[in-house]
Every structure is written in C-alpha cells, then in structure tokens.
Amino acid sequence: MGPDRRGARCDGLAAEGTLSKSIAPLELKFAVGSYAEWKDGPPRKHVMQVQAQIACTGSSWGALAGMLGPGPLACHDIEADPELIELALP
C-alpha cells in the first residue's frame, strides 16, 4: 500500500467477503503489556490512526488488531466516522 498524504503507511488490507466487495486498511499493533489501555476497546490514538487511513483509502471501514501479550489478539472493525476523520486530517 502506498503512502497516504501524511507519509504514513497502513500495515495491510482487511477483506470482508471477497476482495472485490470490500477492502479496508488494516492496522496492527504489538501492544504487549498494554492490556489496561485496550480493556474497554482500542485506544483512541489507534482509532484516530485508522480513521486517517480510512479517509486516505476511501474505505467505509478499517480494521485494528493488537497483540496484547501471550493472551488474546484484540480485533476491532472500525466504521468511518466523519467527525473523527476531520480531527485526524484537518
């Protein structure tokens, strides 16, 4: 995936159904030791990063996954939020 208008890159693409139906940016975080930050959902700083990637790719959603340690992989589908996109990319 090429750089967005801020020079950042998303980690990959997530697919829903077949690739021709819906693809979205995928952000991966190695968040070992950060369980407390993720216990009520993904941290806002990471959600904002995904919102910027959603805007730059023209997708209606994105995916965020965090490896929280030897335990669970936290996976979240995040819908486009125009208000958050405006905050992320003024």
Side-chain angles (χ1 to χ4, degrees):
M1 182 119 217
D4 69 13
R5 65 183 178 199
R6 301 258 180 182
R9 295 179 183 265
C10 62
D11 293 321
L13 296 174
E16 178 178 79
T18 65
L19 286 176
S20 62
K21 288 188 176 180
S22 179
I23 59 171
L26 168 64
E27 186 62 30
L28 305 171
K29 298 296 180 188
F30 188 67
V32 173
S34 300
Y35 178 78
E37 285 186 45
W38 289 74
K39 68 180 175 126
D40 296 323
R44 184 172 175 88
K45 63 186 176 185
H46 302 321
V47 171
M48 295 300 288
Q49 185 177 9
V50 173
Q51 290 294 335
Q53 293 170 355
I54 288 169
C56 292
T57 59
S59 183
S60 61
W61 66 285
L64 173 61
M67 176 57 72
L68 305 181
L73 176 67
C75 299
H76 301 275
D77 288 341
I78 299 172
E79 293 184 26
D81 183 323
E83 291 178 10
L84 290 181
I85 289 171
E86 184 64 28
L87 290 172
L89 301 172

Same cluster for I78 and L84 if Ile/Leu/Val/Met/Phe/Trp/Tyr side chains link at under 4.5 Å? yes
Is it true that V50 and I85 fall in one hydrophobic cluster, defined by side-chain heavy atoms closer than 4.5 Å?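 Hydrophobic grouping puts V50 with I85.
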Grab the two heavy atoms, one from [X] and one from [Y], that are nearest each other, plus how far apart they are.
{"X": "C56", "Y": "L89", "answer": "SG-CD1, 4.1 Å"}
{"X": "T57", "Y": "P25", "answer": "OG1-CD, 3.6 Å"}
{"X": "W38", "Y": "S34", "answer": "CD1-O, 3.2 Å"}
{"X": "M67", "Y": "L73", "answer": "N-CD1, 3.7 Å"}
{"X": "V47", "Y": "P42", "answer": "CG2-CG, 3.7 Å"}

Side chains of K29 and E37: does their closest heavy-atom pair fall under 4.5 Å?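 SC-SC contact between K29 and E37 ruled out.
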Any side-chain heavy-atom pair of Q53 and L64 under 4.5 Å: no
Mark yes or no for whether Q51, through its side chain, and E79, through its backbone, hold a donor-acceptor pair below 3.5 Å.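 Such a contact is found between Q51 side chain and E79 backbone.
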Hey, does the side chain of S59 reach the backbone of I23 with a donor-acceptor pair shorter than 3.5 angstrom? yes
